[in-house]
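Notes follow once the structure below has been shown.
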Amino acid sequence: MARDNKSLITIIVAVLNGKKYLGRCIESISNQTYPYKELIIIDGGSTDGTVEILKENNDKITHWESRPDRGIYHAWNKALQYAHGEWICFLGADDFFWNKSVLDDLSPYLVKAANLGIRVVYGRNAVVDRNGHILKLVGKPWEKIRWLMPHGMPLPHPGLMHHHSLFEEHGLFDETFQIAGDYDLLLRELKKRDALHVRGLIVTGCQAGGISDSKPLFAHKEVERARRKNGFHGLSWVWLAVHIRGFLRVYWRRLVQKLI
């Protein structure tokens with residue numbers, strides 16, 4: 001615990017050549033009205049000016065380093081060695097907290113979750129285009145999506161709060177994954193336990209066009225591997241249907257952008 005019955009929150013950012021958006025991400029964290037937070041940034045050896053942004057914002061960052069790594073899950077695992085928070089969340093360099101009071105708004109739900117023995121807390125995420133316009137909101141109530149967890153990732157991961165004990169029990173991210181490592185970790189926890197959804201709260205803005213959007217077939221294969229690893233055998237027709245729908249949405253969005 002920090003003070004005033006409020007927990008220390010650790011925000012972890014992994015970045016590689018993310019100069020374009022990293023400053024916005026750091027500013028959204030620094031501007032939070034919630035006082036008990038720390039920021040850890042692991043850069044994978046950027047060559048585009050990202051390191052200069054880190055140096056310029058050194059006073060806003062608890063720990064940062066820049067050296068080659070084996071991917072995002074290796075970077076997150078390295079960052080966890082420096083994390084002191086009771087609650088830990090992960091952002092991409094192109095993600096940002098939606099407004100200045102997000103962590104303050106989340107705080108009472110973190111206390112509630114801890115009292116209930118719940119170790120995953122999440123809200124909604126706004127997927128935005130390059131101009132900051134909302135394309136869609138993701139993050140439905142847990143009671144509506146609990147049944148989907150064994151079939152694929154129904155939770156928005158950027159800004160999702162993990163209690164530190166989750167890592168103590170389940171270990172770190174599996175670095176053999178490139179896309180589904182967050183799903184694998186949360187499946188270890190949520191195949192038997194519950195998450196707490198904060199209704200009506202947009203936690204983060206997320207830039208459209210991430211790796212799971214650009215490589216939908218590969219993402220599907222990794223989800224299936226994570227399912228098998230966690231004891232869910234056989235093809236998930238539910239997730240296959242969701243995957244096909246998502247693939248068609250991505251294809252349609254790209255087609256529309258070309259026509260504009």
State, with a plain yes or no, whether a side-chain heavy atom of [X] is found less than 4.5 Å away from one of [Y].
{"X": "H220", "Y": "E222", "value": "no"}
{"X": "D69", "Y": "I42", "value": "yes"}
{"X": "M149", "Y": "P154", "value": "yes"}
{"X": "I88", "Y": "M161", "value": "no"}
{"X": "W142", "Y": "L155", "value": "yes"}

Quiz item: Checking salt bridge (Lys or Arg N to Asp or Glu O under 4.0 Å) for the pair E27/K60: CA distance, chi angles, key distance, verdict?
Solution: CA-CA 9 Å; E27 197 68 20; K60 302 173 183 176; 2.9 Å; yes
Salt bridge or not for [X] and [Y], using N-O below 4.0 Å?
{"X": "R119", "Y": "E169", "answer": "yes"}
{"X": "K37", "Y": "E86", "answer": "no"}
{"X": "K78", "Y": "E65", "answer": "yes"}
{"X": "D94", "Y": "K20", "answer": "no"}
{"X": "R227", "Y": "E224", "answer": "yes"}

Taking atom [atom1] of [X] and atom [atom2] of [Y], what is their separation to the nearest 0.5 Å?
{"X": "H74", "Y": "D174", "atom1": "NE2", "atom2": "CG", "value": "13.0 Å"}
{"X": "H197", "Y": "Y109", "atom1": "NE2", "atom2": "OH", "value": "10.0 Å"}
{"X": "L172", "Y": "L80", "atom1": "CG", "atom2": "CG", "value": "6.0 Å"}
{"X": "I11", "Y": "C89", "atom1": "CD1", "atom2": "SG", "value": "5.0 Å"}
{"X": "H170", "Y": "L166", "atom1": "NE2", "atom2": "CG", "value": "5.0 Å"}
{"X": "K140", "Y": "L148", "atom1": "NZ", "atom2": "CG", "value": "8.0 Å"}

Over all heavy atoms of both residues, which pair between [X] and [Y] is shortest? Give the atoms and the distance, please.
{"X": "I72", "Y": "A14", "value": "CG1-CB, 4.0 Å"}
{"X": "I12", "Y": "A79", "value": "CG2-CB, 3.4 Å"}
{"X": "Y122", "Y": "P156", "value": "CD1-CD, 4.0 Å"}
{"X": "I202", "Y": "V102", "value": "O-CG2, 3.7 Å"}
{"X": "N17", "Y": "D48", "value": "C-OD2, 3.0 Å"}
{"X": "C25", "Y": "L91", "value": "SG-CD1, 4.2 Å"}

Quiz prompt | Geometric class of the W76/Y73 ring pair [parallel <30°, tilted 30-60°, perpendicular >60°] | solution = perpendicular
Quiz item: Should the ring pair F167 and H162 be called parallel, tilted or perpendicular, given that the plane angle runs from 0 to 90° and is split at 30 and 60?
Solution: tilted
Practice problem: Following the transitive rule for hydrophobic clusters with a side-chain heavy-atom cut-off under 4.5 Å over Ile, Leu, Val, Met, Phe, Trp and Tyr, establish whether Y21 and L135 coincide in one cluster. | Solution: no
Self-check item: Hydrophobic cluster membership, V51 vs L16, 4.5 Å side-chain cutoff
Solution: no
For the side chain of [X] and the backbone of [Y], is there at least one donor-acceptor N/O pair under 3.5 Å apart?
{"X": "K136", "Y": "A126", "result": "no"}
{"X": "Y183", "Y": "G152", "result": "yes"}
{"X": "N125", "Y": "P158", "result": "yes"}
{"X": "D104", "Y": "S101", "result": "no"}
{"X": "S28", "Y": "F97", "result": "yes"}
{"X": "D184", "Y": "F177", "result": "no"}
{"X": "T10", "Y": "A83", "result": "no"}
{"X": "Y34", "Y": "K100", "result": "no"}
{"X": "E38", "Y": "T62", "result": "no"}
{"X": "K192", "Y": "E189", "result": "no"}

Exercise. List the steps, then state whether side chain to side chain donor-acceptor pair (under 3.5 Å) holds for E175 with N77.
Key: CA-CA 9 Å; E175 296 174 18; N77 285 342; 2.9 Å; yes
Quiz item: Do R70 and Q178 have side-chain atoms, one donor and one acceptor, less than 3.5 Å apart?
Solution: no
With a sphere of 6.0 Å drawn around [atom1] of [X], does it hold more than 12 non-hydrogen atoms of other residues, nucleotides or ligands?
{"X": "K112", "atom1": "NZ", "answer": "no"}
{"X": "K229", "atom1": "NZ", "answer": "yes"}
{"X": "R193", "atom1": "CZ", "answer": "yes"}

Practice problem: Among N57, N58, D43, find the residue that satisfies the side chain to side chain donor-acceptor pair (under 3.5 Å) test when tested with W64. | Solution: N58
Quiz prompt | Passing option when V120 is tested against L190, L196, D194 for side chain to side chain contact (heavy atoms under 4.5 Å, CB included) | solution = L190
Quiz item: For M153 and D182, what are the C-alpha separation, side-chain angles and deciding distance, and is it a side chain to side chain contact (heavy atoms under 4.5 Å, CB included)?
Solution: CA-CA 9 Å; M153 181 64 156; D182 46 353; 4.2 Å; yes
Exercise. Assess the pair H163 and W87: is the distance between their ring centroids shorter than 6.0 Å?
Key: yes
Quiz prompt | F173/F90 aromatic ring centres below 6.0 Å | solution = yes
Practice problem: In sequence, state the C-alpha distance, the side-chain angles, and the governing distance for L186 and L160, and then conclude on side chain to side chain contact (heavy atoms under 4.5 Å, CB included). | Solution: CA-CA 11 Å; L186 290 174; L160 177 148; 4.1 Å; yes
Quiz prompt | side chain to side chain contact (heavy atoms under 4.5 Å, CB included) evaluation trace for I61 with L54 | solution = CA-CA 8 Å; I61 306 170; L54 292 171; 3.9 Å; yes
Self-check item: Intermediate values then yes/no, side chain to side chain donor-acceptor pair (under 3.5 Å), T204 and R124
Solution: CA-CA 7 Å; T204 63; R124 305 193 78 186; over 6 Å; no
Practice problem: Give the C-alpha distance, both sets of side-chain angles, the deciding distance and a yes or no for side chain to side chain contact (heavy atoms under 4.5 Å, CB included) between L103 and L106. | Solution: CA-CA 5 Å; L103 295 184; L106 275 173; 4.3 Å; yes
